[in-house]
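Some notes on the structure that comes next.
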Amino acid sequence: MDKQPRLLASQLFLKNSVFEVSLNGVLLTWKEIPANKKVVSGSIHHPFKVGSSHSVSVSEILAVRELDVDGGTKDDGRWQKMPQKLTEAYPYAFTVSYVERARQHRWQCSDVTFHCSEGALRQQWIQTIREQLTALTSRPKHLLVYINPHGGKQQGECIYEQKVAPLFACASISTDVIVTEHANHARDHLKTEAELKKYDGVVCVGGDGMFSEIVHGLVSRTQRENGVDQNSPEEKLVPCSLRIGIIPAGSTDCICYATVGINDPVTSALHVIVGDSQPMDVCSVHHNNTFLRYSSSLLGYGFYGDVLADSERKRWMGPARYNFSGFKTFLTHHHYEGAVSFLPATDILGTPRDKTRCRAGCFICQHDGQLYSGDSPEESKTAPDVSDREYEMGWGVVRGKFLAINAASMSCACPRSPKGLSPAAHLADGTTDLILVRKCSRFNFLRHLLRHTSKDDQFDMTFVEVHRVRRFRFTPRHWQNDSELDLRENGKQLFSQICRDHPACSCSPAYSSWNCDGEILPHAAIEVGVHCQLIKLFTRGIEEQPLFEDLANPPCAL
């Protein structure tokens, strides 16, 4: 990086020491000037030590404000007690709020207050810093916020008002807040009523279901305005221009955890304020040339579909229903027969079983635009490591009995499964990881599930195979058309009820349900296509934690 010219440099007072403070277009740096008389360490405000230096990226400064030393208050209303001698010698002060990194990918807002001997110098510092912040065009100034008051522990409104709104106000971000009143309220409002040109982004306060509503509303609105037919599986979708922010307030918050590394409202709000941007792939799901849904994390048939279907009948249990339904589904151990055909991604870097992880500044995601082309002849090639036995026009075909068929467009990591379903999946490489778990013993399936929480390779089993694909289709056995499928599904419901009433019956259902980001799809036969970087989030991806722990207290100014 080229050395940036200084915009401003002064000797300012910070607590009981004089610091050399400098500002350029990249960094705000303050370094203590050693005094002849040693300062008592206990009187120095943590984390600054004698002779220490500290640097903050300009892009991560939230705001700067004037501090009224004589009045004893800041302009945000918080009290600030000042020593008498300091007040007399340095009567003018200003406070800089900035992002500070803590452990486990957590961000927090920290303040540092500098004291000046002249009012003109203070104004010069405040004006110069604000000019630098204004020049950061990626930062949002006006946001549309949707709050789900019923998600998770029903704390959405409280979380926003107490933890998020004050940060937005500090950063001078104006907001229009809508508290949703029913399911799909946010989706329908975005599709039809919202004046999107007024905003720099959309923020959802809730869980994965709320995020899915925002995605469906924005993507559908964008396609309609650009004349794109969503019912065509081959149609190339137009990327959304507005970024999406996620303030976690749901039950699992998988999307937030897999893109930020932690489910913390303050951390997510700070990512929104600094204007981070992370593109993300979205899958479109069709049945017989009819659009069904978009998926941004997990499509699951078999085990995860059955867990969701069963849990939906037990909503009265609250969040505990997921554990109960998961245990029950594991014991039933149903398998489903059908054919999976897929188009392998052979023209990209990385494989589902390599050791790479999608992190901030991911090389694979950044260069995917050059490696991926919808018209590339590379797509018709068959991947050399594909384990299938049949190929049709470049598509691999797998037929058999499956306990689970999963498509992970991201790692799908969560606090219970820090690695996720596919640890090496990437957010924005234009692919999804197709995981096929064939029929096996209940003990082996348990081994596979337990590996999601350990360091072992969950794909290193003879009954599990994984492929990085651009498209895939699933056709249940004996499926022919809509009417036949509907009859079979109705029959399945009838006989499933009989089986529940008569536990001695050992018959298995013919069809499972597709779990699409926590929603049940109405059809078993589907076609899925990946749309590269269709949306953007207010995040930068998961940061490499050790690196930023080292930078938290650098030995010298950069």
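One is the number of the first residue; the rest follow in order along the sequence.
By the side chain to side chain donor-acceptor pair (under 3.5 Å) test, Thr252 pairs with Asp208, sequence neighbours left out. Partners of Arg357 by side chain to side chain contact (heavy atoms under 4.5 Å, CB included), not counting sequence neighbours, listed by chain and number: Arg359, Pro423, Ala424. Take Tyr322 and apply the ring-ring contact (aromatic ring centres under 6.0 Å, His included) test, not counting sequence neighbours, and it matches no residue. By the salt bridge (charged side-chain N to carboxylate O under 4.0 Å, His left out) test, Glu225 pairs with Arg221, sequence neighbours left out. Scored by the salt bridge (charged side-chain N to carboxylate O under 4.0 Å, His left out) test, Asp354 finds no partners at all (sequence neighbours excluded). Legend: residues meeting side chain to side chain contact (heavy atoms under 4.5 Å, CB included) with Gln108, ordered by chain and number and at least two apart, are Glu100, Ala102, Ser110. Every salt bridge (charged side-chain N to carboxylate O under 4.0 Å, His left out) that Asp276 has, sequence neighbours left out, goes to Arg540. Applying the side chain to side chain contact (heavy atoms under 4.5 Å, CB included) rule to Asp176 yields the partners His142, Leu144, Lys198, Tyr199; only residues at least two apart in sequence or on another chain are considered. Residues passing the salt bridge (charged side-chain N to carboxylate O under 4.0 Å, His left out) test with Arg243, sequence neighbours excluded: none. Contacts of Glu195 classified as side chain to side chain donor-acceptor pair (under 3.5 Å), with partners at least two apart in sequence or in another chain: none. Scanning for side chain to side chain donor-acceptor pair (under 3.5 Å) contacts around His150 gives an empty result, with sequence neighbours left out.
Contact between Ser297 and Cys412 at its shortest, heavy atoms only, is O-SG, 3.7 Å. Residues Pro140 and Ile273 share a closest heavy-atom pair of CD-O, 3.9 Å. The heavy-atom pair separating Pro352 from Val466 by the smallest distance is CB-CG2, 3.6 Å. Between Leu534 and Val238, the shortest heavy-atom distance links the atoms CD1-O, 3.5 Å. Nearest heavy-atom pair, Leu421 versus Gln458, reported as atom, atom and distance to 0.1 Å: O-NE2, 3.1 Å.
A distance-only check finds no donor-acceptor pair linking the side chain of Asn226 to the backbone of Val228 [under 3.5 Å]. Side-chain atoms of Arg293 do not come within 3.5 Å of backbone N or O of Val285 as any donor-acceptor pair. Side chain of Glu60 to backbone of Tyr98: no donor-acceptor contact under 3.5 angstrom is found. Proximity of a side-chain donor or acceptor of Asp517 to a complementary backbone N or O of Leu298 within less than 3.5 Å is detected. Side-chain atoms of Thr180 come within 3.5 Å of backbone N or O of Ile147 as a donor-acceptor pair. Side chain of Ser268 to main chain of Ile246: a donor-acceptor pair is present (N/O by atom type, distance under 3.5 Å, no hydrogens or angles). In this structure, the side chain of Gln223 engages the main chain of Val219 through a donor-acceptor pair within 3.5 Å. The backbone N or O of Leu67 sits less than 3.5 Å from a side-chain atom of Arg122, completing a donor-acceptor pair. Of the possible donor and acceptor atoms, one in the side chain of Ser417 sits under 3.5 Å from a partner among the backbone N and O of His452. Distance alone, capped at 3.5 Å, is enough to place a donor-acceptor pair between the Arg451 side chain and the Asp457 backbone.
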Exercise for review: Output, in order, the C-alpha distance, side-chain angles, deciding distance and verdict of side chain to side chain contact (heavy atoms under 4.5 Å, CB included) for Arg101 and Glu543.
Suggested key: CA-CA 10 Å; Arg101 288 167 175 79; Glu543 295 178 317; 3.0 Å; yes
Exercise for review: Could you go through the side chain to side chain contact (heavy atoms under 4.5 Å, CB included) check for Arg470 and Asp347 one step at a time?
Suggested key: CA-CA 11 Å; Arg470 298 208 184 277; Asp347 55 337; 2.7 Å; yes
**Study point:** Verdict with supporting geometry, Cys358 and Met410, side chain to side chain contact (heavy atoms under 4.5 Å, CB included)
**Key:** CA-CA 9 Å; Cys358 190; Met410 58 174 62; over 6 Å; no
**Study point:** Step-by-step side chain to side chain contact (heavy atoms under 4.5 Å, CB included) determination, Phe538 to Leu143
**Key:** CA-CA 12 Å; Phe538 277 113; Leu143 296 172; 4.2 Å; yes
Review point. When you look at His105 and Thr267, which way does the side-chain hydrogen bond (donor to acceptor under 3.5 Å, both in side chains) test go after all the steps?
Key: CA-CA 8 Å; His105 308 289; Thr267 301; over 6 Å; no
**Study point:** Test log, rule side-chain hydrogen bond (donor to acceptor under 3.5 Å, both in side chains), inputs Tyr146 and His189
**Key:** CA-CA 10 Å; Tyr146 293 96; His189 184 262; 2.6 Å; yes
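Using a 4.5 Å cut-off on side-chain heavy atoms (C-beta onward), Phe211 and Cys256 make no contact. Looking only at side-chain heavy atoms (C-beta outward), Val21 and Ser10 stay at 4.5 Å or farther from each other. Looking at heavy atoms from C-beta onward, Asp111 lies in side-chain contact with Arg65 at the 4.5 angstrom threshold. A heavy-atom distance below 4.5 Å is found between the side chains of Leu218 and Leu196. Put simply, the side chain of Ser284 does not reach to within 4.5 Å of the side chain of Gln230, judged on heavy atoms. Taking the side chain as every heavy atom from C-beta outward, Cys204 and Glu213 never approach each other to under 4.5 Å. Two residues are said to be in side-chain contact when any heavy atoms from C-beta on lie closer than 4.5 Å; Ile255 and Met210 fail this criterion. Ile535 places none of its side-chain heavy atoms less than 4.5 Å from the side chain of Leu242.
Judged purely by distance below 3.5 Å, without hydrogens or angles, the side chains of Ser220 and Arg187 never pair a donor atom with an acceptor atom.
Annotation: His216 is in aromatic contact with Tyr294 [ring centroid separation under 6.0 Å].
Considering Trp30, Phe13, Tyr92 in turn, Trp30 is the only one that fulfils the ring-ring contact (aromatic ring centres under 6.0 Å, His included) rule with Phe114. Residue Tyr257 forms a side chain to side chain contact (heavy atoms under 4.5 Å, CB included) with just one option from Ile542, Asn263, Asp264, and that option is Asn263.
Here OG of Ser97 is found 9.5 Å from CD1 of Ile61. Values are rounded to the nearest 0.5 Å. Atom CG of Leu7 is separated from atom CD of Gln132 by 5.0 Å, given to the nearest 0.5 angstrom. Interatomic distance, CG of Leu27 versus OG of Ser59, reported as 9.0 Å (0.5 Å rounding).
Open room surrounds CZ on Arg6; 12 or fewer heavy atoms of other groups in view lie less than 6.0 Å from it. Other residues, nucleotides and ligands place no more than 12 heavy atoms under 6.0 Å from the NZ atom of Lys536.
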Ignoring hydrogens and angles, write down the donor-acceptor pairs under 3.5 Å from the side chains of residues 157-174, residues two or more places apart or on other chains.
residue: Tyr160; atom: OH; partner: Thr175; partner atom: OG1; Å: 3.4
residue: Ser174; atom: OG; partner: Lys141; partner atom: O; Å: 3.2

